[in-house]
Amino acid sequence: MAIETMVTPGGVRAVMEGLAATYRGRGSVELGEPYRVLVSTVISQRTREEQTTAVSQRVFARYPDMASLAAADEKELLVLLAGSEYREAKGPRLIAMATILLEKYGGRVPDDIDALLALPGIGRKTANCVLIYAFNREAICVDTHMHKIANRLGWVTTKTPEQTEKALEVVMPRDLWAGSNRLFLQHGRAICLSGAPPLCSRCPVRPWCAYGQEPTARKR
DNA sequence: AAAACGGGGGC
DNA sequence: GCCCCAGTTTT
């Protein structure tokens with residue numbers, strides 16, 4: 001019979017501190033220029049970090065601002081996007097997005113969740129990332145790693161990332177929101193793997209984890 | 001809520 | 001060749 005562990009803000013903080021002590025950045029948030037944050041975050045969708053960085057550098061070198069991206073040739077952009085997943089959808093959406101922002105917002109990135117969500121190619125994950133890294137806002141950006149790990153820890157029992165976002169808003173102390181995504185991303189890549197069994201024996205927060213208590217790892 | 005979308009890189 | 005991967009959109 002597993003020990004029932006109530007999830008509390010204090011318990012969440014303990015785990016977050018364990019992750020912060022382990023991973024790069026320590027849970028701090030590095031801000032960036034809004035245009036670059038927006039575009040690189042779209043590029044990062046379903047794409048590994050190394051490829052995101054490489055592709056973003058190429059795109060920024062060719063399209064340094066909103067106006068140049070709005071005026072981009074689609075074929076040319078598609079070539080630069082090689083290495084980013086779903087590039088054939090992202091290319092046209094990036095141009096459409098930049099065009100809208102140029103016409104309706106003077107080329108600025110809106111500091112508003114609903115305005116961001118209304119843009120083509122922008123969902124909850126990307127919109128919250130932009131609020132956090134471009135505007136230093138307190139938001140929770142739930143990607144697949146965060147969704148998976150929050151469920152494994154036993155913090156939430158949710159089916160969708162949006163449900164996870166809402167549930168975490170309740171149990172996670174607000175000062176930890178913005179930096180949480182980076183920590184969970186690194187943890188998910190290094191230890192708390194998606195497919196194969198997670199590497200629980202090397203996990204810095206195993207003592208607090210529901211999944212880590214199970215005698216035999218099973219998929220979840 | 002589940003399926004479609006769709007390709008580069010690592011093994 | 002096979003499988004995985006910082007989601008978004010459509011059914």
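Every chain is numbered from 1 and lettered A, B, ... according to where its sequence line falls, protein lines coming before strand lines.
Atom CG of A/L193 and atom P of C/dC5 are 8 Å apart (whole Å). The distance from atom CD of A/E162 to atom C1' of B/dA1 is 13 Å, rounded to the nearest whole Å. C/dG7 atom P lies 14 Å from atom CG of A/N128, rounded to whole Å. To the nearest angstrom, P of C/dC5 lies 15 Å from NZ of A/K90. Between A/Y86 atom OH and C/dC4 atom P the separation is 13 Å, expressed in whole Å. Nucleotide B/dA4 holds its C1' atom 14 Å from the CD atom of A/E88, rounded to whole Å. For A/L81 and C/dC5, the CG to P distance is 22 Å, given to the nearest whole Å.
Among the protein residues, A/P120 comes within range of the sugar-phosphate backbone only, with heavy atoms under 4.0 Å from sugar or phosphate atoms but none that close to a base. A/T126 comes within contact range of the sugar-phosphate backbone alone, with a heavy-atom separation under 4.0 Å but no base atom that close. Counting non-hydrogen atoms under 4.0 angstrom, A/R87 reaches the backbone sugars and phosphates but no base.
Other residues, nucleotides and ligands contribute only 12 or fewer heavy atoms inside 6.0 Å of the CD atom of A/E30.
A donor-acceptor contact shorter than 3.5 Å links the side chain of A/R137 to the backbone of A/D111. Here the side chain of A/K90 pairs a donor or acceptor atom with the backbone of A/Q45 at under 3.5 angstrom.
With hydrophobic clusters built from ILVMFWY side chains whose heavy atoms lie under 4.5 angstrom apart, A/Y86 does not share a cluster with A/I43.
For the pair A/Y63 and A/L80, the minimum side-chain heavy-atom distance is below 4.5 Å. At least one side-chain heavy atom of A/F135 sits under 4.5 Å from a side-chain heavy atom of A/V109. Using a 4.5 Å heavy-atom cutoff, the side chains of A/R182 and A/Y133 are in contact. Looking only at side-chain heavy atoms (C-beta outward), A/V55 and A/T47 stay at 4.5 Å or farther from each other.
Spacing between C/dT11 and B/dG6 at atom P, rounded to whole Å, works out to 13 Å.
Considering only the side chain of A/K125, C/dT8 comes nearest among C/dC5, B/dG6, C/dT8. For A/D143, taking side-chain heavy atoms from C-beta onward, the closest of the listed nucleotides B/dG8, C/dG7, B/dG6 is C/dG7. Comparing B/dA1, C/dC5, B/dG6 by their nearest atom to the side chain of A/S194 picks out C/dC5.
Shown are A/K166, A/Q163, A/H147; of these, the side-chain contact (heavy atoms from CB on, under 4.5 Å) with A/V142 is made only by A/H147.
A heavy atom lying under 4.0 Å from DNA chain B marks the following residues of residues 30-62 of chain A, by number: A/R48, A/Q51.
Contact annotation: A/T144 does not reach the phosphate of C/dC5 (side-chain N/O to OP1 or OP2, under 4.0 Å).
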* Asked: Reading DNA chain B 5' to 3', what string of ( ), [ ], | and . shows its pairs, if Watson-Crick and G-U wobble pairs count only when both distances fall under 3.5 Å?
  -> |||||.|||||

* To do: Step by step, work out the salt bridge (charged side-chain N to carboxylate O under 4.0 Å, His left out) result for A/D175 and A/R13.
  => CA-CA 10 Å; A/D175 63 294; A/R13 183 180 296 281; 2.9 Å; yes

